[in-house]
Protein chains: 2
Amino acid sequence: MQPARRITLTDDVYAAVQALIMDHEVQPGARINIDALARRLAVSPTPVREALARLESDGLVSKTPLVGYAATPLLTRAQFEELVEMRLVLEPAAAAKAAGAGLDAVELAGLRGAADLPGPDGPDAIAAFTAQDARFHHTLAELSGNRMLHDAVVRLRAHLHLFRLHFPTAHYGVSASEHHRIVDAVGAADADAAAEATRAHLTAARDRHLPFFESR
Amino acid sequence: MQPARRITLTDDVYAAVQALIMDHEVQPGARINIDALARRLAVSPTPVREALARLESDGLVSKTPLVGYAATPLLTRAQFEELVEMRLVLEPAAAAKAAGAGLDAVELAGLRGAADLPGPDGPDAIAAFTAQDARFHHTLAELSGNRMLHDAVVRLRAHLHLFRLHFPTAHYGVSASEHHRIVDAVGAADADAAAEATRAHLTAARDRHLPFFESR
DNA sequence: CGATCAAAGATCCTATAGGATTTGCAGGCG
DNA sequence: CGCCTGCAAATCCTATAGGATCTTTGATCG
């Protein structure tokens, strides 16, 4: 049995700062004061610095020497296109591998459960939607059986999450049916269909998000 | 003109530790003492700790709380297979995008120059071979025009480099012709041929490396 | 002879203090 | 009126010291 309690402050700080950025409590592009953050979290600057170094690798903050850290600015349209391209490379491949992996009933049920998305009711509907959508794509990547592939997908999700929360007009319910098409193909062990369904979902999602860039 | 002098110790330490691991001056799996490393590099533990945090994100070291850091152990056969799978997802896509990007003569010449590989003569022939091979795949990923794709490929190279140096029987000259097939396809702006040539190269390289696992 | 327990050593983790650098603003000059 | 120079404040960066934890070694008991 593990202690279940966090042992290192660094991990706590890492999670806290990640949440801060994800929830836009610190605006994109805003500078991050190490000392202030340390006081706010009631820890010393050292673990803060360590956590920020890890977050820099994840691309959530950027560091300029002798100046400080800053939250990564919002994605430009070009970067967004790159992100979609990258997802189109990774996620169809993950879906295909999951389809060919011979999943058992439990794994398939878990994926199917993650495919459903919450409706537009309730508080924090946007956050709930985003979290559940992330869970589905995470699970799909995990079921590919390739850990490196999974990690790469998770890495990208951070950026997408960041982007979406800032343009909160999510499209409830639209993605769910597309998700289920993917699940069905995976369940049928049809690798080509799974990849194709994933491609269709990603391009559709891309087109849904694209209008947000018109206003900038 | 840049100061050319080190601005942050952390970056220097990061590079130094990376080199230490890449050159196997610290054995895979060996523990890394923070204080000893700080003394060796003549810096304080703080920047060392910061650099190690970044290296952990890169997967070159692993941390166990209250115990310390350790160099990542050698790839198991399963992990090696995963790595190849991952490369088969990323690099053909990168080659295809490079082929469709309409490269100018300068860029194409740079890629062609990187495709040649040094012969088995001279000191540090293995290191030279590995470095040049890395440079080719690096350049190819960069010419895809997608920064995220490029970063992902670079991230994987670290692991492969680690693996190869430990099994130093490289296959000089074999890869070069395969490299040139890729360059030709990219130069002809034939995306499908570029992807296929890259796939062929990667699977061939995989088969060349596979025998090393028999003896373990 | 093997296993268990205890204590010493080493190491990591955290906190605090001082030096160096950048940034912002005020004042003077062209 | 605009631009530049100098100063002050804030911030980051580095170094050092102390507390907590794990690992290891040695001795003792079954």
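Proteins get letters first, then strands, A, B, ... in listed order; numbering begins at 1 in each.
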- Can you check whether A:Asp116's main-chain N or O pairs, donor with acceptor, with A:Gln132's side chain at less than 3.5 Å? yes

- Item | Contact list for DNA chain C against residues 30-39 of chain B - heavy-atom distance below 4.0 Å | B:Ile32, B:Asn33, B:Ile34, B:Asp35

- Item | Gap between atoms CD and P, on B:Glu50 and D:dA15 respectively (whole Å) | 12 Å

- Compare the minimum distances between each of D:dT16, D:dC13, D:dT23 and the side chain of A:Lys63, then state the nucleotide with the smallest one. D:dC13

- Query: Does B:Arg157 pair with B:Asp133 as a salt bridge, N-O distance under 4.0 Å?
  - Reply: yes

- Message: In whole Å, I'd like the distance from the CG atom of B:Leu66 to the P atom of D:dC22.
- Response: 6 Å

- From the list D:dT16, C:dT23, C:dT16, which nucleotide is the closest neighbour of the side chain of B:Ser44? D:dT16

- Message: Between C1' on D:dT14 and CG on B:Asp11, what's the gap in Å once rounded to a whole number?
- Response: 15 Å

- Query: Does B:Leu55 offer a backbone N or O that forms a donor-acceptor pair with the side chain of A:Arg54 under 3.5 Å?
  - Reply: no

- Message: Quick check on the 6.0 Å ring-centre criterion: do A:His179 and A:His137 meet it?
- Response: yes

- B:Arg49, nearest nucleotide to its side chain (from D:dC13, C:dC13, D:dT16): C:dC13

- Message: Heavy-atom nearest nucleotide on DNA chain C for B:Val67 versus A:Val43: which residue maps closer to 5'?
- Response: B:Val67

- Query: Is a donor on one side and an acceptor on the other found under 3.5 Å between the side chain of A:Thr76 and the backbone of A:Gln79?
  - Reply: yes

- Per nearest nucleotide of DNA chain D, the residue lying toward the 5' end, A:Thr46 or A:Gly68, is A:Gly68

- Backbone N or O of B:Leu88 within a donor-acceptor pair of the B:Glu91 side chain at under 3.5 Å? no

